[in-house]
Amino acid sequence: MHYDLVIFDNDGVLVDSEPISNRLLAGYLTELGHPTSYEDSLHDYMGAAMHRVHDLVEQRTGQRLPADFDDVFHTRVFAAFERELKPVTGAVEVLERLAADGVPYCVASSGSHERIRVGHRTTGLDRWFDDERIFSSQDVGRGKPAPDLFLYAAERMGVAPERCVVVEDSPLGVRAAVAAGMDVYGFASMTPAEKLDGATRLFTDMRELAELLG
């Protein structure tokens, strides 16, 4: 194994949530008078914390989103997760391999702790992640593309940044990992490879990851 810690992004890497959440986000923003396509949502918000949605809308329109925006959005997302959410194909096999080999791993997500737990519980991935392995942008001052979240996860797990590898599927996440001084493996399944510029290496099938990690 080339690394002492594997840090997983969550949405789009462990749980196949990006199509669900971006469809709902685009629809809700459009409903509120901010026309947004699914493609717009992927481009602007994939991999980002919720504050980015608020910031971009205000920058572009001068209008602030409703105070209950996050609560309404997450209520819709969690309901859709219960109906539709699945683990990313191959994610369970990777986690089984890491656990069997005794390789430390954790998740560091732009999503809230509640969102992470709902997704894991719905897909059965909760068996692989106790509280000590879950880190959220809620834990730090700045979300991705700032490096804070990944540095915080590494510190809490007791591993130097240069001994960590991040598994990411978003441009913002790749930028955050690079800024943290970590290697990053870009999961180019849903995201075009050219948008993951800066990744240490790229792969398109999660079932390949265990072998790539060595």
Is a side-chain N or O of [X] found less than 3.5 angstrom from the main chain of [Y], in a donor-acceptor match?
X: Tyr3; Y: Asp183; value: no
X: Thr30; Y: Thr36; value: yes
X: Arg163; Y: His2; value: yes
X: His74; Y: Asp70; value: yes
X: Arg76; Y: Leu25; value: no
X: Asp101; Y: Val103; value: no
X: Asp16; Y: Gly12; value: no
X: Ser136; Y: Gly111; value: yes
X: Arg64; Y: His54; value: no

Pairwise salt bridge (Lys or Arg N to Asp or Glu O under 4.0 Å) hits with a residue in [range], at least two apart:
range: residues 139-148; answer: Asp9-Lys144, Arg142-Asp148, Lys144-Glu168
range: residues 82-94; answer: Arg23-Glu84
range: residues 153-162; answer: none

Just checking His43: does its NE2 atom have more than 12 heavy atoms from other residues, nucleotides or ligands closer to it than 6.0 angstrom? no
With a 4.5 Å cut-off on side-chain heavy atoms, are [Y] and [X] touching?
X: Val53; Y: Phe69; answer: yes
X: Asp169; Y: Leu196; answer: no
X: Arg52; Y: Leu172; answer: yes
X: Thr200; Y: Met182; answer: no
X: Leu125; Y: Val15; answer: yes
X: His120; Y: Arg127; answer: no
X: Val165; Y: Phe8; answer: no
X: Thr89; Y: Met206; answer: no

Carefully, step by step, assess Met50 and Tyr45 under the rule side chain to side chain contact (heavy atoms under 4.5 Å, CB included). CA-CA 8 Å; Met50 287 301 293; Tyr45 306 121; over 6 Å; no
Between Arg115 and Asp11, is there a salt bridge with N-O shorter than 4.0 Å? yes
First locate atom [atom1] of [X], then atom [atom2] of [Y], and finally report the distance between them rounded to the nearest 0.5 Å.
X: Ile134; Y: Cys106; atom1: CD1; atom2: SG; answer: 10.0 Å
X: Leu56; Y: His34; atom1: CG; atom2: NE2; answer: 12.0 Å
X: Arg117; Y: Asn10; atom1: CZ; atom2: CG; answer: 11.0 Å
X: Leu95; Y: Leu14; atom1: CG; atom2: CG; answer: 6.0 Å
X: Phe135; Y: Phe150; atom1: CZ; atom2: CZ; answer: 12.0 Å
X: Leu85; Y: Thr122; atom1: CG; atom2: OG1; answer: 6.0 Å

For the hydrophobic clusters of this structure (ILVMFWY residues joined by side-chain heavy atoms under 4.5 Å, transitively), does one cluster hold both [X] and [Y]?
X: Met157; Y: Val13; answer: no
X: Val88; Y: Met46; answer: no
X: Phe187; Y: Leu212; answer: yes
X: Tyr105; Y: Ile7; answer: no
X: Val107; Y: Leu5; answer: no

Please determine whether salt bridge (Lys or Arg N to Asp or Glu O under 4.0 Å) holds for the pair Asp44 and Arg60, giving the CA-CA distance in whole Å, both sets of side-chain angles, and the decisive distance to 0.1 Å. CA-CA 12 Å; Asp44 291 337; Arg60 291 169 173 174; 2.9 Å; yes
Mind listing the closest non-hydrogen atom pair of [X] and [Y] along with its distance?
X: Gly186; Y: Ala199; result: N-CB, 3.9 Å
X: Gln138; Y: His113; result: OE1-N, 2.9 Å
X: Ser109; Y: Ile116; result: CB-CD1, 3.7 Å
X: Ser110; Y: Ser137; result: O-OG, 2.6 Å
X: Ile20; Y: Ala80; result: CG2-CB, 3.6 Å
X: Ala108; Y: Ala153; result: CB-CB, 4.3 Å

Side chain to side chain contact (heavy atoms under 4.5 Å, CB included), that's the test. Do Leu202 and Tyr185 meet it? Break it down for me. CA-CA 6 Å; Leu202 299 168; Tyr185 284 19; over 6 Å; no
Go through Arg133 and Asp130 one step at a time and tell me if the side chain to side chain contact (heavy atoms under 4.5 Å, CB included) criterion holds. CA-CA 6 Å; Arg133 295 180 190 266; Asp130 53 26; 3.3 Å; yes
Working note: Val167 + Phe203, criterion side chain to side chain contact (heavy atoms under 4.5 Å, CB included); need CA distance, chi angles, decisive distance, verdict. CA-CA 10 Å; Val167 185; Phe203 68 106; 3.9 Å; yes
Should the pair Phe78 and Phe81 be assigned to parallel (<30°), tilted (30 to 60°) or perpendicular (>60°) ring geometry? tilted
